[in-house]
Amino acid sequence: MTIQAVRGMKDLLPSDAGKWRFIEVTARAVFGAFGFQEIRVPILERTELFARSIGAATDIVEKEMYTFSDRSGDSLTLRPEATAGILRAYIENKLHAIPGPHKLCTLGPMFRHERPQKGRLRQFHQLDVEVLDDQGPQSDAELMVMLTHLLTRLGLQKISLKLNSLGCPNCRPAFRQALTSFLAGKEQQLCEDCQRRLSTNPLRVLDCKAAGCQEAAIGAPSMSDHLCEDCRTHFAEVRRLLDLAGVAYALDPRLVRGLDYYVRTTFEAVTGDLGAQNAVAGGGRYDGLLAELGGPAQACIGFGAGIERLALLIPEEPEAPRPDIFIAATGPKPRLMAFLMTQKLRRDGYWAEMTTDDKSLKAQLRKANKERARLVLFLGDRELQEDKGQIKRMDDSHQVEFEMGGLGHLFMNFDQAQADAEMQDRLWDAFFHSLMPLIRS
RNA sequence: GUGGCUGUAGCUCAGUUGGUUAGAGCGCCAGGUUGUGGCCCUGGAGGCCGUGGGUUCAAGUCCCAUCAGCCACCCCA
């Protein structure tokens with residue numbers, strides 16, 4: 001049996017590469033306008049980096065990481081998300097010595113060992129942005145403004161923004177306590193996972209989709225009622241700025257993100273057009289994480305967006321690029337001239353094509369048509385003899401003759417002509433002088 | 001990790017209660033046009049029927065296993 005790609009790893013074929021390029025250049029333009037600078041970090045890190053940052057009790061760390069030992073016995077992991085590696089690089093390269101905020105962006109593959117389905121792969125790709133050393137709330141709002149700019153520029157309308165505040169280490173314990181006591185006595189209603197979460201992370205019960213859990217959560221205390229003074233004013237200011245900026249969002253008190261490090265602002269961009277995997281982007285504030293990884297106590301916020309999921313939402317490419325000119329040449333001498341001609345045109349940036357072997361003229365035309373070439377230049381012994389080229393505009397079959405200025409005659413006796421390179425250059429110049437107006441028109 | 005559905009030509013798919021040389025459309029190649037694409041006509045190439053095992057005189061068809069894809073759960077991008 002032939003070798004297949006590893007499960008959940010997908011090839012990006014030329015037919016889809018245009019969309020990806022569109023997403024990437026658009027993202028770079030949007031992020032650039034907000035002052036973000038690119039950073040590239042390894043896709044492989046020491047396992048403990050992710051275990052410590054993402055949280056040992058999260059699904060990602062518990063069961064989704066691609067972890068293995070290298071030849072020296074170190075435990076390494078293919079990154080399941082981008083933030084941890086960026087923070088590691090930020091600390092290791094002492095970027096924090098320069099006053100912030102630091103706006104960094106990156107893009108590339110992430111790996112999670114899950115069962116593949118629509119919009120979910122084991123190797124997937126994210127756009128990722130981070131603002132390091134900034135407490136917000138302006139940055140919080142700006143990130144969401146930037147995300148909506150990106151989605152708008154990509155032509156995606158049916159996406160809504162969900163927003164929540166998770167509080168901070170000062171106020172969350174109290175809320176957690178309140179929630180735990182509220183759920184006490186309702187354990188039987190909860191799904192297996194949530195019964196376990198009751199002790200590990202009761203907040204997750206709130207966004208569980210299981211009917212019993214949703215029912216049990218009715219009337220549950222809301223984080224928004226338990227925010228401390230600082231968190232409340234922070235969150236209010238984020239919302240005020242979003243309102244002023246005209247960004248639509250929906251408050252979602254059940255939005256609890258799966259990574260442990262989030263505090264205060266969390267947000268997610270969701271769509272109904274992707275089946276069960278409805279999040280196209282998500283992020284939030286992680287003020288304590290940098291210090292936890294051994295860096296300075298600087299507040300940070302960021303988000304990631306799934307490139308595959310964005311690509312699924314972008315309609316088919318309107319039009320593939322087409323060759324500027326196709327040279328249909330028959331016979332050894334004309335083909336030699338055509339070969340040199342295509343190289344010269346390409347050097348000057350024109351997309352020139354010809355067949356790689358001497359097929360029938362009809363077959364060459366068919367190929368030119370299939371590749372949607374704008375123009376076809378006919379080169380045969382007759383053209384060389386008469387020193388006149390035939391050029392045809394394919395869209396309307398309009399065909400004209402043009403003077404080749406001696407180049408045709410030169411290629412009739414190419415062996416002798418080789419000696420005089422200077423004359424050859426002159427003849428090519430004359431030839432292109434006469435051809436270019438036809439190509440450009 | 002769990003469940004459901006599906007693997008036949010490059011693509012989309014037919015394939016009778018198991019029965020002899022496995023089909024169609026599209027695409028591809030060539031000819032009809034001795035130097036001109038698209039449309040039309042004619043012909044052609046292209047299949048370990050996902051893989052391995054089993055049942056049977058006989059398996060694309062039935063059984064088991066396995067791999068892969070899709071969808072959902074879980075979770076997230």
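Reminder, nothing fancy here: chain letters follow the sequence lines and each chain counts from 1.
B/rU55 and B/rA68: their C1' atoms are spaced 26 Å apart (whole Å). The gap from the C1' atom of B/rU51 to that of B/rG7 amounts to 11 Å, rounded to the nearest Å. Taking atom P in both B/rC48 and B/rU61, one finds a spacing of 16 Å when rounded to whole Å. Remark: the separation of the C1' atoms in B/rG1 and B/rA45 is 46 Å, to the nearest Å. B/rA59 and B/rU2 have their C1' atoms separated by 32 Å, with the value rounded to a whole Å. Nucleotides B/rA65 and B/rA30 place their C1' atoms 46 Å apart, quoted to the nearest Å. Comparing B/rA22 with B/rU8, their C1' atoms are spaced 8 Å from each other, to the whole Å. Atom P of B/rG10 sits at a distance of 13 Å from the matching atom of B/rG50, rounded to the whole Å.
The backbone N or O of A/Leu340 lies less than 3.5 Å from no partner atom in the side chain of A/Gln343, so there is not a single donor-acceptor pair. With A/Arg264 contributing its side chain and A/Phe235 its backbone, the two residues share no donor-acceptor pair below 3.5 Å.
Among the nucleotides B/rU36, B/rC28, B/rC76, the one closest to the side chain of A/Leu361 is B/rU36. With distances taken from any side-chain atom of A/Arg112 to the nucleotides B/rC76, B/rG38, B/rG35, the minimum falls on B/rC76.
Counting non-hydrogen atoms under 4.0 angstrom, A/Ala368 reaches nothing in the nucleic acid. Residue contacts shown for A/Leu310 are absent, as no nucleic acid heavy atom lies under 4.0 Å away. If you check every strand for non-hydrogen atoms under 4.0 Å, A/Asp128 touches nothing. Using a 4.0 Å heavy-atom cutoff across all strands shown, A/Gly8 reaches sugar-phosphate atoms only and no base atom. Nucleic acid contact for A/Ala363: sugar-phosphate only, since backbone atoms but no base atoms lie under 4.0 Å from a heavy atom of the residue. Nucleic acid contact for A/Gln123: none, since no nucleic acid atom lies under 4.0 Å from a heavy atom of the residue.
OP1 or OP2 of B/rA72 lies within a sub-4.0 Å distance of a side-chain N or O belonging to A/Gln117. A sub-4.0 Å separation between OP1 or OP2 of B/rU2 and a side-chain N or O of A/Lys63 is absent. Look at A/Arg7 and you'll find a side-chain N or O under 4.0 angstrom from OP1 or OP2 of B/rG69.
Under the Watson-Crick or G-U wobble criterion, with both distances below 3.5 Å, B/rU16 is left unpaired in every strand shown. Nucleotide B/rC62 is matched to B/rG54 when pairs are restricted to Watson-Crick or G-U wobble geometry with both distances under 3.5 angstrom. Judged by Watson-Crick or G-U wobble contacts below 3.5 Å, the nucleotide B/rU2 has B/rA72 as its partner. B/rG10 is paired with B/rC26 under the criterion used here, namely a Watson-Crick or G-U wobble arrangement in which both key atom distances are under 3.5 Å.
Per the stacking criterion (ring centres < 5.5 Å, plane angle < 30°), A/Phe378 does not stack onto the base of B/rG35.
A donor-acceptor contact under 3.5 Å links the side chain of A/Gln399 to the base of B/rU36. No N or O donor and acceptor, one from the side chain of A/Arg366 and one from the base of B/rC28, sit under 3.5 Å apart. Counting distance only, with no hydrogens placed and no angle test, the side-chain atoms of A/Arg115 and the base atoms of B/rG1 include no donor-acceptor pair under 3.5 Å. Put simply, the side chain of A/Arg309 and the base of B/rC76 share a donor and an acceptor less than 3.5 Å apart. Put simply, the side chain of A/Lys392 and the base of B/rU36 share a donor and an acceptor less than 3.5 Å apart. Within 3.5 Å, no donor on the side chain of A/Gln4 pairs with an acceptor on the base of B/rG69, nor the reverse.
Between A/Phe50 and A/Pro80, some side-chain heavy-atom pair lies under the 4.5 Å cut-off. A/Val238 has its side chain out of reach of A/Gln138: every pair of non-hydrogen atoms, C-beta onward, lies at least 4.5 Å apart.
Ion pairing between A/Asp252 and A/Arg254 fails under the 4.0 Å rule for side-chain N and carboxylate O. Ion pairing between a basic and an acidic side chain is recognised when a charged N comes within 4.0 Å of a carboxylate O; A/Glu38 and A/Arg28 show such pairing.
Taking atom CD on A/Glu64 and atom P on B/rC76, their separation rounds to 8 Å, with Å as the unit.
Here the shortest heavy-atom pairing between A/Arg322 and A/Arg372 reads NE-O, 2.7 Å.
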